[in-house]
2 protein chains.
Amino acid sequence: MELSQLKYFRHTARTENITKSAAELHISQPALSKMIVTLEKDLGVKLFDREGKHIKLNNHGAVFLKYVDIALGALEDGRKELEDISGQTSGTLHVSFDVASQLMPDLLKEFRDRHPEVTFHLLQHDRNPTQAKFDFCITSSLVGPSGTEKKSC
Amino acid sequence: MELSQLKYFRHTARTENITKSAAELHISQPALSKMIVTLEKDLGVKLFDREGKHIKLNNHGAVFLKYVDIALGALEDGRKELEDISGQTSGTLHVSFDVASQLMPDLLKEFRDRHPEVTFHLLQHDRNPTQAKFDFCITSSLVGPSGTEKKSC
DNA sequence: TGTATTTACGCCGCCCGTAAGTATT
DNA sequence: AATACTTACGGGCGGCGTAAATACA
């Protein structure tokens, strides 16, 4: 049982629609379908009833959802409290980009869904990006001084 | 952030000893050390203070542990309730084995730590194992009818 | 025939183990 | 010198995507 499975399950339990959930979760529809089956096997219990081409949360699913909400909620709260007491969130992200400008509105909208507390400071077509102060950038050129770091959400 | 990381963290937070926790969690000591660092990076906060060759849970760690306990507890409760209402747990596992008999005591002890509600029915050196009724077996011979299935805990 | 889920199959990244390195007592 | 944690590196497994199959309206 993994956290990603629980997040996927929680979302799918609410929509009762794998295709829709997959799109909103940014994974492929078969991947989500399989993850749910895997979770059901792990628990030894079916969480959804398959009725024709639709799925419907059943009793077991509803019971489990209740606990999943508690668990995921606690972890989200924990993260928030850590942010609060560590005071490391500036609240503002400085973003520089010279490509993909037409994608930014959707990207920002998506991000604000997940992190409503963050505000952005945007820099488009910065003159000399190597000297610019940004938290991250989107560019087609090779960029200079600081190293890159991989993050997941 | 993954569930395994949280379980590892919870255990290590209590022992404040990576080597000991690694042994009890059945993973290598470097693996556990790395997982904790990974979790800290994910949260953006150090959870332990490194003092010489010892580690000590710090403020952030204590705060986060509180939420981890809630989350993992909820998931354990959810599993239990699903077992209750589905009524699929027989309460007794039938185990057949013709090798590794000297390992069984420790294995059983280990398992009972995790699942105290389960009782065992042991069959050593079964005459014709292919016909035997067991939930699982440990053997050096190839066994017959039913397929094998992979499970993680 | 279009829509929704499931199965098949392969790739890539991550978890974990072994080995070596570093630091403290 | 012994103990405990960290870094380096490689292998194996699982998550996820694309493609194809199945099933219902």
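For the numbers below, each heavy atom of this structure counts, side chains included, while hydrogens, waters and symmetry mates do not. Throughout, a chain's letter reflects where its sequence line sits, starting with A, and its residues are numbered from 1.
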>> Tell me the interatomic distance from M1(B), atom CE, to dC15(C), atom P, rounded to whole angstroms.
In response: 13 Å
>> I need a per-nucleotide contact map over nucleotides 17-22 of chain C, read 5' to 3'. Cutoff is protein heavy atoms under 4.0 Å; write B for the base, S for backbone only, - otherwise.
In response: BBB---
>> Please enumerate all residues that pass salt bridge (Lys or Arg N to Asp or Glu O under 4.0 Å) together with E16(A), with sequence neighbours excluded.
In response: none
> Under 4.5 Å between any side-chain heavy atoms of R79(A) and M1(B), yes or no?
Replying inline: yes
> Any side-chain N or O of R50(B) less than 4.0 Å from the OP1 or OP2 oxygen of dC5(D)?
Replying inline: no
>> Just to be sure I understand the geometry, which residues of residues 53-64 of chain B put a non-hydrogen atom under 4.0 Å away from DNA chain C?
In response: K53(B)
>> Tell me every residue that passes side-chain hydrogen bond (donor to acceptor under 3.5 Å, both in side chains) with E81(A), counting only those two or more places apart in sequence or in another chain.
In response: Y67(B)
Going by atom type alone, with no hydrogens or angles, which donor-acceptor pairs under 3.5 Å involve a side-chain atom of residues 55-65 of chain B and a protein atom two or more places apart or on another chain?
| from | atom 1 | to | atom 2 | distance (Å) |
| --- | --- | --- | --- | --- |
| N58(B) | OD1 | H60(B) | N | 3.1 |
| N58(B) | OD1 | G61(B) | N | 2.8 |
| N58(B) | ND2 | K46(B) | O | 3.1 |
| N58(B) | ND2 | D49(B) | OD1 | 3.3 |

> Who are the ring pair (Phe, Tyr, Trp, His ring centres under 6.0 Å) partners of F48(B), not counting sequence neighbours?
Replying inline: F9(B)
>> Rounding to an integer number of Å, can you tell me how far F48(B) CZ sits from dT6(D) C1'?
In response: 15 Å
>> Rounding to an integer number of Å, can you tell me how far E2(B) CD sits from dC16(C) P?
In response: 10 Å
>> Between the side chains of K7(B) and E76(B), is the shortest nitrogen-to-carboxylate-oxygen separation below 4.0 Å, so that they form an ion pair?
In response: no
>> So, OP1 or OP2 of dT5(C): does either fall under 4.0 Å of a side-chain N or O from T19(A)?
In response: yes
>> Which residues pass the side-chain hydrogen bond (donor to acceptor under 3.5 Å, both in side chains) test with T15(B), not counting sequence neighbours?
In response: S21(B)
> How many Å lie between CD1 on I36(B) and P on dC16(C), as a whole number?
Replying inline: 12 Å
> Relative to the 5' end of DNA chain D, which residue comes earlier, E51(A) or Q5(A), by the nucleotide with the nearest heavy atom?
Replying inline: Q5(A)
> What integer distance in Å separates L3(B):CG from dC15(C):P?
Replying inline: 13 Å
> Expressed in angstrom and rounded to an integer, what is the separation of K7(B) atom NZ from dC15(C) atom P?
Replying inline: 15 Å
> Taking only residues two or more places apart in sequence or in another chain, which ones pass side-chain hydrogen bond (donor to acceptor under 3.5 Å, both in side chains) with S33(A)?
Replying inline: none
>> My understanding is that only residues two or more places apart in sequence, or in another chain, count here; which of them pass salt bridge (Lys or Arg N to Asp or Glu O under 4.0 Å) with D77(B)?
In response: none
> Rounded to whole angstroms, how far apart are CG on N17(A) and C1' on dT5(C)?
Replying inline: 10 Å
>> Measure CG/D49(A) against P/dT6(C) and give the value in whole Å, please.
In response: 12 Å
